[in-house]
Amino acid sequence: MTEQRSPTEREGGRGRRLGRRPGSADTRGQILAAARETFAEKGFDKATVRGIARRAEVDPALVHHYFASKEGMFVAAMELPINPDEVIPALLAGPREEIGERLVRFVLTMTSQAQARQPLLALVRTAMTNERMATMIREFLTHALVGRVAQALGIPPIRMELAFAQLFGAVLARYVLRLEPIASVEVEELVGHLAPTVQGYLDPAS
């Protein structure tokens, strides 16, 4: 009878398995560390799941196990408060004529929470003085968020970017510049002021 040997024994007793490392308690952390390095070096567009897996020395299937997509991995690596894979379907659900209100309310409610707002503003501040970080964030916003919503709504990307600029400006005025009364009014009052303008950008082009 042929003796059955373990994978370790078949490798000559070297005490390790062939191929990439399987999942472990710290696999997620290894992937995130590799993702941060890869995104910083290559930007969002040129980074690949396979390349990140290679740097983390894990199987690409493990990357997909912990993070459903490259977008999800970027969100986790950068500690962003929003995941496009979750947010976009929620924004697009419901009447088309109310999407501006949903978008404004979501952004203002999300940024009203310090734990969500602070990492976002930290990235923005870094991007203002670091061109590599600015490129990475720009690529992510363009392709993973703004571009996807514009395509789903059938509007030119510039109109979605203008809607985003309205919201971005409001968040900066409220939490960085702390302009009054923007800084202290209730979220719902700001929604009432901003929603019609944002909706105008998101309506079908005439």
Side-chain angles (χ1 to χ4, degrees), residues 39 42-49 67-113 116-117 119-128 131-177 179 182-183 185-206:
F39 285 131
K42 298 180 177 295
F44 179 79
D45 283 355
K46 293 182 180 179
T48 65
V49 169
F67 309 97
S69 63
K70 185 171 76 169
E71 289 81 2
M73 186 163 38
F74 183 88
V75 167
M78 298 296 111
E79 299 182 348
L80 295 177
I82 58 172
N83 186 337
D85 292 335
E86 299 170 357
V87 171
I88 292 175
L91 290 176
L92 296 177
R96 167 72 180 253
E97 65 272 13
E98 296 175 5
I99 191 172
E101 181 179 338
R102 291 196 299 276
L103 177 59
V104 173
R105 181 174 289 109
F106 168 77
V107 170
L108 293 180
T109 300
M110 180 265 295
T111 54
S112 69
Q113 303 166 19
R117 179 177 71 248
L120 185 63
L121 292 180
L123 278 178
V124 171
R125 291 188 178 100
T126 302
M128 289 180 175
E131 180 56 33
R132 182 171 293 179
M133 179 66 76
T135 299
M136 181 168 59
I137 295 174
R138 181 168 60 248
E139 290 175 350
F140 172 74
L141 288 174
T142 300
H143 300 291
L145 190 59
V146 174
R148 286 172 61 183
V149 176
Q151 182 177 26
L153 295 177
I155 60 175
I158 190 171
R159 296 179 66 171
M160 190 65 216
E161 290 174 0
L162 287 168
F164 173 80
Q166 290 280 331
L167 294 172
F168 182 69
V171 170
L172 290 183
R174 186 169 171 84
Y175 296 108
V176 178
L177 299 178
L179 295 179
I182 293 176
V185 299
E186 296 294 326
V187 166
E188 284 305 309
E189 182 173 346
L190 285 179
V191 171
H193 289 299
L194 286 170
T197 300
V198 171
Q199 183 65 44
Y201 291 123
L202 305 183
D203 285 336
S206 56

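Both backbone and side-chain heavy atoms feed into the values below; hydrogens, waters and symmetry mates do not.
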Derivation of the side-chain contact (heavy atoms from CB on, under 4.5 Å) call for Leu108 and Leu194
CA-CA 10 Å; Leu108 293 180; Leu194 286 170; 4.3 Å; yes

Mind listing the side-chain donor-acceptor pairs of residues 165-174 below 3.5 Å, one per line with the distance, residues two or more places apart or on another chain?
from: Arg174; atom 1: NH1; to: Ile182; atom 2: O; distance (Å): 2.7
from: Arg174; atom 1: NH1; to: Val185; atom 2: O; distance (Å): 2.9
from: Arg174; atom 1: NH2; to: Val185; atom 2: O; distance (Å): 3.1

Just checking Leu177: does its CG atom have more than 12 heavy atoms from other residues, nucleotides or ligands closer to it than 6.0 angstrom?
yes

Mind checking what makes side chain to side chain contact (heavy atoms under 4.5 Å, CB included) contact with Val49, not counting sequence neighbours?
Val63, His64, Lys70, Met73

Can a donor-acceptor pair be found, under 3.5 Å and without considering hydrogens, that links the side chain of Arg159 to the backbone of Gly200?
yes

Please list, chain by chain and in numerical order, all residues satisfying side chain to side chain contact (heavy atoms under 4.5 Å, CB included) with Ala122, sequence neighbours excluded.
none

All heavy atoms of Asp203 vs all of Arg96, minimum pair found to be C-NH2, 3.7 Å

Atom of Leu80, atom of Leu123 and distance for their closest heavy-atom approach
CD2-CD1, 3.0 Å

What distance separates Gln199 CD from Glu97 CD, expressed to the nearest 0.5 Å?
7.5 Å

Pairs flagged by salt bridge (charged side-chain N to carboxylate O under 4.0 Å, His left out) wherever residues 191-200 is involved - sequence neighbours left out
none

How far does OG of Ser69 sit from CZ of Phe74, to the nearest 0.5 angstrom?
12.0 Å

Which residue pairs satisfy the ring pair (Phe, Tyr, Trp, His ring centres under 6.0 Å) criterion with at least one member in residues 83-107, sequence neighbours excluded?
none

Enumerate the salt bridge (charged side-chain N to carboxylate O under 4.0 Å, His left out) contacts for residues 72-95, please, sequence neighbours excluded, ordered by first and then second residue.
Asp85-Arg148

Taking side chain to side chain contact (heavy atoms under 4.5 Å, CB included) as the test, write out the residues that go with Ala68, two or more places apart.
none

Contact check, side chains of Met160 and Leu202, non-hydrogen atoms, under 4.5 Å
yes

Partners passing side chain to side chain contact (heavy atoms under 4.5 Å, CB included) against Pro89 (at least two apart in sequence or in another chain):
none

Which pair of non-hydrogen atoms, one from Ile99 and one from Leu91, has the smallest distance, and what is that distance?
CG1-O, 3.4 Å

Smallest separation among heavy atoms of Arg125 and Val176, with atom names:
NH2-CG2, 4.1 Å

For the atom pair NZ (Lys42) and OG1 (Thr48), what is the distance rounded to the nearest 0.5 Å?
7.5 Å

Search all heavy atoms of Ile137 against all heavy atoms of Ala127 and return the closest pair with its distance.
CD1-CB, 4.0 Å

Mind checking whether Val87 and Asn83 have side chains closer than 4.5 Å, heavy atoms only?
no

I'd like to check Pro84 versus Val149 (side-chain heavy atoms, cut-off strictly below 4.5 Å). Are they in contact?
no

Which heavy atom in Tyr175 sits nearest to a heavy atom in Ser112, and how many Å separate them?
OH-CA, 3.2 Å

Any side chain to side chain donor-acceptor pair (under 3.5 Å) involving residues 186-196? Give me the pairs, sequence neighbours left out, ordered by first then second residue.
Arg105-Glu188

Taking side chain as C-beta onward, heavy atoms only, is Arg102 less than 4.5 Å from Pro95?
yes

Could you pull out all donor-acceptor pairs under 3.5 Å where a side-chain atom in residues 139-147 meets a protein atom, sequence neighbours excluded?
from: Glu139; atom 1: OE1; to: Phe44; atom 2: N; distance (Å): 2.8
from: Glu139; atom 1: OE1; to: Asp45; atom 2: N; distance (Å): 3.0
from: Thr142; atom 1: OG1; to: Arg138; atom 2: O; distance (Å): 2.7
from: His143; atom 1: NE2; to: Asp45; atom 2: OD2; distance (Å): 3.2

